[in-house]
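Scroll down for the structure; my scribbles are underneath it.
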Amino acid sequence: MTRLDFFTILIIALLSLSAIFMMPKNKGELIEVRVDGKLIYSAEFSRDVYTKVIESKYGHNTIEIGPDYVRVIEASCPNKLDIKQGKISYSGESIICIPNHLSITIVSGDRDYDVIVR
């Protein structure tokens with residue numbers, strides 16, 4: 001490999017990485033909580049901070065919903081990885097609790113579809 005090849009690969013890699021970091025992030029508008037893939041709770045962000053307990057046959061999770069974030073503050077799962085994931089606030093971000101079959105996803109008001117198949 002020549003020096004020109006090395007610099008060409010380096011420039012392409014740097015451009016690819018910079019494009020990832022410069023992509024705009026959309027603030028989410030809606031929180032969807034699912035257990036086993038079924039929507040069990042949906043809410044918009046509010047100005048006040050409040051908590052919601054999610055009970056299922058697999059266990060319980062307590063989520064905190066703030067003005068621009070959602071996070072899990074208590075869980076019955078053994079390793080508490082969903083609590084360690086912290087706050088999420090952008091469209092497309094998720095918190096997953098596998099033992100409790102729970103997923104919390106932030107979606108934007110306007111659904112961005114990649115493809116519509118008929």
key: OH/Y50: more than 12 non-hydrogen atoms of other groups inside 6.0 Å   = yes
inquiry  = Please say yes or no: joined through hydrophobic side-chain contacts below 4.5 Å, possibly via intermediate residues, are I73 and L102 part of one cluster?
reply    = no
Between CD on residue Q85 and CD1 on residue I104, distance to nearest 0.5 Å = 8.5 Å
ask   = Are F45 and V72 connected in a single hydrophobic cluster, I mean Ile/Leu/Val/Met/Phe/Trp/Tyr linked by side-chain heavy atoms less than 4.5 Å apart?
value = yes
side-chain hydrogen bond (donor to acceptor under 3.5 Å, both in side chains) against T105, all qualifying residues, sequence neighbours excluded = S94
By side chain to side chain contact (heavy atoms under 4.5 Å, CB included) - contacts of I12 (at least two apart) = T8, S16
query = With a cutoff of under 4.5 Å between side-chain heavy atoms, which Ile, Leu, Val, Met, Phe, Trp and Tyr residues group with I98?
reply = I96
task = Please list all pairs passing the salt bridge (charged side-chain N to carboxylate O under 4.0 Å, His left out) test where one or both residues lie in residues 83-105, with sequence neighbours left out.
result = none
ask   = How many angstroms lie between CD1 in I11 and CG in L15, if you round to the nearest 0.5 Å?
value = 7.5 Å
message = Among residues at least two apart in sequence or on other chains, which ones pass side chain to side chain contact (heavy atoms under 4.5 Å, CB included) with D5?
response = M1, T2
Residue pair V49 / P67, side-chain heavy-atom distance below 4.5 Å = yes
note = Closest non-hydrogen contact found for S42 with E32 is OG-CG, 4.4 Å
key: Nearest-0.5 Å distance that lies between atom CZ in R34 and atom CD1 in I40   = 10.0 Å
inquiry  = Do I95 and V107 sit in one hydrophobic cluster, given that two such residues count as connected whenever their side-chain heavy atoms are within less than 4.5 Å of each other, even indirectly?
reply    = no
Can you give me every donor-acceptor pair (side chain of residues 53-66, partner residue at least two apart or in another chain, under 3.5 Å) with its distance?
from: S56; atom 1: OG; to: Y58; atom 2: N; distance (Å): 3.3
from: S56; atom 1: OG; to: G59; atom 2: O; distance (Å): 3.3
from: Y58; atom 1: OH; to: D36; atom 2: OD2; distance (Å): 2.6
from: N61; atom 1: OD1; to: N100; atom 2: ND2; distance (Å): 2.8
from: N61; atom 1: ND2; to: D82; atom 2: OD2; distance (Å): 2.7
from: E64; atom 1: OE2; to: Y69; atom 2: OH; distance (Å): 2.8
from: E64; atom 1: OE2; to: R71; atom 2: NE; distance (Å): 2.9
from: E64; atom 1: OE2; to: R71; atom 2: NH2; distance (Å): 3.2

